[in-house]
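Lettering of chains follows the sequences in order, A, B, ..., and the numbering in each one begins at 1.
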4 protein chains.
Amino acid sequence: MNRIKKKNTIIRTALKLFSDKGLHTTKISEIAKSLHISVGGIYEYFPSKQSLARASIQFVTQKLASELRYINQSDISCREKLCQFVEVYFHFIAHDPEMIAYFFRVYLSNREFFCEDKDCGFSLAEEFITELKILIEDGVNRGEFRRQNFYVSFSLISGILGAITFLHGEEVLEEDLNLYRKEIVDTIYAAMAA
Amino acid sequence: MNRIKKKNTIIRTALKLFSDKGLHTTKISEIAKSLHISVGGIYEYFPSKQSLARASIQFVTQKLASELRYINQSDISCREKLCQFVEVYFHFIAHDPEMIAYFFRVYLSNREFFCEDKDCGFSLAEEFITELKILIEDGVNRGEFRRQNFYVSFSLISGILGAITFLHGEEVLEEDLNLYRKEIVDTIYAAMAA
Amino acid sequence: MNRIKKKNTIIRTALKLFSDKGLHTTKISEIAKSLHISVGGIYEYFPSKQSLARASIQFVTQKLASELRYINQSDISCREKLCQFVEVYFHFIAHDPEMIAYFFRVYLSNREFFCEDKDCGFSLAEEFITELKILIEDGVNRGEFRRQNFYVSFSLISGILGAITFLHGEEVLEEDLNLYRKEIVDTIYAAMAA
Amino acid sequence: MNRIKKKNTIIRTALKLFSDKGLHTTKISEIAKSLHISVGGIYEYFPSKQSLARASIQFVTQKLASELRYINQSDISCREKLCQFVEVYFHFIAHDPEMIAYFFRVYLSNREFFCEDKDCGFSLAEEFITELKILIEDGVNRGEFRRQNFYVSFSLISGILGAITFLHGEEVLEEDLNLYRKEIVDTIYAAMAA
DNA sequence: CATGAATGAGTGTTCATTCAT
DNA sequence: GATGAATGAACACTCATTCAT
């Protein structure tokens with residue numbers, strides 16, 4: 001297995017454990033054990049716990065961003081793009097829940113830990129945000145969405161998805177997650193439509 | 001200062017530090033120093049860090065719930081209630097940002113830490129959720145809101161508020177927070193209106 | 001209640017708790033609570049935990065010594081004195097077990113704690129030892145006991161009594177304590193008789 | 001040095017310090033310093049101070065028991081066995097005084113600390129007691145010792161040895177320890193002989 | 001005398017990180 | 001590269017002692 005692949009394997013495992021047990025509750029030794037490698041093995045690839053956590057959030061946001069970029073580039077209506085995005089998002093929740101959980105529960109809530117010098121901003125999630133911005137502005141320009149403050153639209157989309165993810169993680173939802181999908185798209189669209 | 005007042009003073013300070021620096025990054029000794037009392041002083045009132053964290057989230061949710069309960073009981077339209085709720089919420093963000101931050105960034109993201117025996121659910125936030133439920137169901141029953149899944153409405157409201165709070169905390173927003181308020185109410189209402 | 005009496009009341013309670021739970025495991029606040037007085041109340045009478053522990057061992061050894069002195073002064077054979085001493089000792093175990101336990105389990109085993117400057121010796125138990133010495137030497141002089149090293153005799157008597165006390169405390173003994181008494185006197189006498 | 005050896009090295013040092021300074025007075029950091037290793041080093045081998053203390057008493061009683069077992073199995077009179085046992089015991093006092101001191105001063109007097117769940121009994125010393133029981137019963141069966149209650153004999157032997165150990169530790173004895181040995185055997189035998 | 005809230009040095013324990021093998 | 005024993009700074013929590021009331 002080459003270096004990149006191994007790094008990704010470590011990231012995948014870290015992602016899962018950090019999401020399940022929390023950033024500060026997960027020990028490096030647990031990640032190592034989970035991977036059947038030694039503690040030192042982790043440090044061959046990542047110089048510190050922090051750098052592993054940073055690499056993990058970049059891994060997540062790049063995955064999300066690349067999906068969103070793909071959607072943005074297709075030749076469909078913005079309503080349809082929104083719909084596909086939510087679909088992709090729900091697919092992540094179903095198949096890689098730790099990636100979404102990592103974004104919302106670990107990254108957003110432990111920002112101190114991810115800080116490097118002055119770089120405490122959203123930088124690690126920037127790619128993803130950029131794509132969402134493109135989707136929203138595109139919709140406004142095309143006249144599909146009404147013109148409203150970007151941050152409000154952004155909060156709407158990411159907020160509702162984050163919240164439903166949370167409820168899902170807490171096993172509060174009574175029905176299968178997919179049953180909520182259509183209603184969520186409708187809700188978002190109702191709020192944004194011109 | 002009596003015991004209750006002193007407990008609340010400690011909670012207020014803990015709230016602020018936990019929100020600013022994170023739950024695990026904030027040391028008991030820092031809370032003590034911030035209060036100009038000794039470490040032991042904290043333990044006079046709270047038997048452990050965990051119990052202080054639990055007391056803090058109860059403090060927050062009770063405050064929020066009592067405001068929301070007051071609104072729910074007034075004789076106004078649900079749109080107006082929603083509007084007032086967002087107003088109250090923004091007031092909290094402006095004047096006690098740590099209370100909101102504590103709810104979203106500390107409590108929701110460090111659930112493990114708040115667990116006591118089996119009691120790991122939402123129990124500490126239940127009062128607040130109940131009031132939001134009443135508001136939503138009331139609107140549906142009156143025909144003001146369209147009938148949609150409660151969890152979707154709940155995610156919409158709490159999600160968008162949580163997200164804008166987050167952006168505010170990150171100092172990403174370019175304008176004064178209140179300028180977003182009206183647009184947020186409109187957005188929520190557009191998504192929920194019958 | 002005068003000062004002396006109050007001191008003795010405190011000593012009695014400390015004795016009991018120290019014996020039951022150990023010297024380091026018993027907190028001053030527990031002694032206070034047990035006495036229904038305040039922590040400061042203890043410090044009115046004893047300047048420190050150590051001084052309370054020292055006063056307690058003196059209380060115990062003086063009680064034992066005075067009983068032994070009384071026996072030593074009576075006009076009976078040394079065998080009879082021995083017998084009476086064991087009887088008195090068993091009476092203590094039955095009625096004030098904490099006093100004996102304090103001597104063996106607390107004092108002898110936590111000598112560091114009782115040290116004051118250089119005074120780490122037996123000084124706190126000296127009175128008692130002196131009386132035992134008188135009894136033994138008296139028996140030898142009268143020809144009742146065979147002449148043997150004092151420390152051996154001393155170890156014999158205090159050792160067997162200490163050990164049976166321990167077994168009693170551990171609830172290892174199957175019969176009532178008094179049933180062992182006669183056999184113990186016989187054993188000691190067999191070992192010491194001329 | 002392999003794991004077992006290292007554990008034993010730690011036990012030996014803990015034994016010495018616990019005996020010299022008391023269980024609660026000896027800090028883990030002192031044991032570490034004494035061994036020229038780090039605090040964490042101790043915890044590599046023992047998960048807690050308590051477990052180190054428990055391992056230590058087991059180390060001691062197994063050593064004593066194995067010596068006594070060896071004697072019990074030889075083909076000699078019980079008087080001779082007793083004599084050899086005392087000899088072995090004195091050898092321990094002379095060469096590994098901390099082992100004996102640990103048994104009498106630390107283990108017997110801090111039983112609370114050694115408790116694990118319900119297992120607070122003599123269990124950690126059981127092997128040793130069993131061997132002593134065999135010796136005594138064997139002597140009675142062979143007609144060498146008079147038939148007397150086991151606990152009385154047990155108290156006699158362990159008591160006198162414990163007491164002389166104590167006097168030795170306190171540096172009260174005026175002569176070399178070995179000079180007391182013969183007299184002690186005689187005393188025990190006089191008390192037990194048929 | 002009596003109180004009990006407040007103090008803060010001190011303890012057992014954890015865990016990210018290192019480095020000799 | 002890989003290992004995992006060793007490190008030691010750091011933390012939550014304790015409790016003997018003090019002192020303002």
Side-chain angles (χ1 to χ4, degrees), chain A residues 1-3 6 23-33 35-53 113, chain B residues 1-3 6 23-33 35-53 113, chain C residues 1-3 6 23-33 35-53 113, chain D residues 1-3 6 23-33 35-53 113:
Chain A
M1 188 165 18
N2 68 37
R3 196 169 170 84
K6 182 120 188 196
L23 191 55
H24 294 281
T25 320
T26 303
K27 303 169 214 161
I28 292 290
S29 60
E30 288 175 316
I31 299 173
K33 189 173 291 172
L35 284 158
H36 302 293
I37 64 172
S38 68
V39 174
I42 307 275
Y43 282 87
E44 283 297 319
Y45 295 91
F46 300 94
S48 68
K49 188 178 184 177
Q50 197 219 37
S51 79
L52 174 54
F113 192 80
Chain B
M1 185 163 22
N2 68 35
R3 197 171 169 81
K6 181 115 191 196
L23 194 54
H24 294 283
T25 320
T26 304
K27 316 306 167 200
I28 291 289
S29 59
E30 289 175 316
I31 299 173
K33 190 172 291 172
L35 283 158
H36 302 292
I37 63 172
S38 67
V39 172
I42 306 277
Y43 285 90
E44 280 290 318
Y45 296 90
F46 300 95
S48 67
K49 187 178 184 178
Q50 196 219 40
S51 81
L52 174 54
F113 192 80
Chain C
M1 186 165 19
N2 68 35
R3 195 167 171 84
K6 181 118 189 196
L23 192 55
H24 295 281
T25 320
T26 304
K27 302 169 213 160
I28 292 291
S29 60
E30 289 176 316
I31 299 173
K33 188 173 291 172
L35 283 158
H36 302 292
I37 64 172
S38 68
V39 174
I42 307 274
Y43 282 86
E44 283 297 319
Y45 296 90
F46 300 95
S48 69
K49 188 178 185 177
Q50 196 219 38
S51 79
L52 174 54
F113 193 80
Chain D
M1 186 165 22
N2 68 35
R3 196 170 169 83
K6 181 117 189 198
L23 194 54
H24 294 282
T25 319
T26 304
K27 317 305 169 200
I28 291 290
S29 58
E30 290 175 316
I31 299 173
K33 190 173 292 174
L35 283 158
H36 302 293
I37 64 172
S38 68
V39 172
I42 306 277
Y43 283 88
E44 281 290 318
Y45 296 90
F46 300 95
S48 68
K49 188 178 184 178
Q50 197 219 38
S51 81
L52 174 54
F113 192 80

> Of all nucleotides in DNA chain F with an atom under 4.0 Å from a non-hydrogen atom of chain A, which is the first and which the last going 5' to 3'?
Replying inline: dG1(F) to dG4(F)
>> OP1 or OP2 of dG8(E) versus the side-chain N and O atoms of Ser38(B): is any pair under 4.0 Å?
In response: no
> Which residue lies toward the 5' end of DNA chain E, Pro47(A) or Thr26(D), if each is placed at its nearest nucleotide?
Replying inline: Thr26(D)
> Can you name the nearest heavy-atom pair linking Lys6(D) to Ile37(D), along with the distance?
Replying inline: NZ-CG2, 4.2 Å
>> Set out, in order, the CA-CA distance, both residues' side-chain angles and the distance that settles side chain to side chain contact (heavy atoms under 4.5 Å, CB included) for Ile28(A) and Tyr43(A), then state yes or no.
In response: CA-CA 9 Å; Ile28(A) 292 290; Tyr43(A) 282 87; 3.7 Å; yes
>> Between P on dT7(E) and NZ on Lys27(C), what's the gap in Å once rounded to a whole number?
In response: 20 Å
>> Any base atoms under 4.0 Å from Lys33(D), or only sugar-phosphate, or nothing? Heavy atoms, all strands.
In response: nothing
> Just how far, in rounded Å, is P of dT11(E) from OH of Tyr43(D)?
Replying inline: 12 Å
>> Once rounded to the nearest 0.5 Å, what's the spacing between atom CZ of Phe46(A) and atom CD1 of Ile31(A)?
In response: 9.5 Å
> Using the ring of each side chain (for Trp, its six-membered ring), is Phe113(B) parallel, tilted or perpendicular to His24(B), with breaks at 30° and 60°?
Replying inline: perpendicular
> Checking all strands, does Ser29(D) fall into the base, sugar-phosphate, or nothing category for heavy-atom contacts under 4.0 angstrom?
Replying inline: nothing
>> Closest-nucleotide mapping onto DNA chain E: is Ser48(A) or His36(C) further toward the 5' terminus? I mean the 5' end.
In response: His36(C)
> Rounded to the nearest Å, what distance is computed from the CD1 atom of residue Ile37(C) to the P atom of nucleotide dT3(E)?
Replying inline: 7 Å
> If you round to the nearest 0.5 Å, how far is OG1 of Thr25(D) from NZ of Lys27(D)?
Replying inline: 6.0 Å
> Using Watson-Crick and G-U wobble pairs with both distances under 3.5 Å, what is the 5'-to-3' dot-bracket string of DNA chain F, with [ ] for crossing pairs and | for pairs outside the strand?
Replying inline: .||||||||||||||||||||
> Pick the nucleotide of DNA chain F nearest each of Ile28(C) and Gly41(D); which residue has the one closer to the 5' end?
Replying inline: Gly41(D)
> Just checking Tyr45(A): base, sugar-phosphate only, or nothing, at a heavy-atom cut-off of under 4.0 Å?
Replying inline: sugar-phosphate
> Looking at Arg3(C) and Glu44(C), what are the two nearest heavy atoms and their distance?
Replying inline: NH2-O, 3.0 Å
>> Keeping Lys49(C) on the side-chain end and Leu23(C) on the backbone end, is there a donor-acceptor pair under 3.5 Å?
In response: yes
> With sugar-phosphate meaning primed atoms plus P, OP1 and OP2, does Arg3(A) contact a base, only sugar-phosphate, or nothing at under 4.0 Å between heavy atoms?
Replying inline: sugar-phosphate
>> I need the Leu52(A) CG to Gln50(A) CD distance, nearest 0.5 Å.
In response: 10.5 Å
> Mapping His24(B) and His24(C) to their closest nucleotides on DNA chain F, which lands nearer the 5' end?
Replying inline: His24(B)
> How long is the line joining CD1 of Ile31(C) and P of dA2(E), in whole Å?
Replying inline: 17 Å
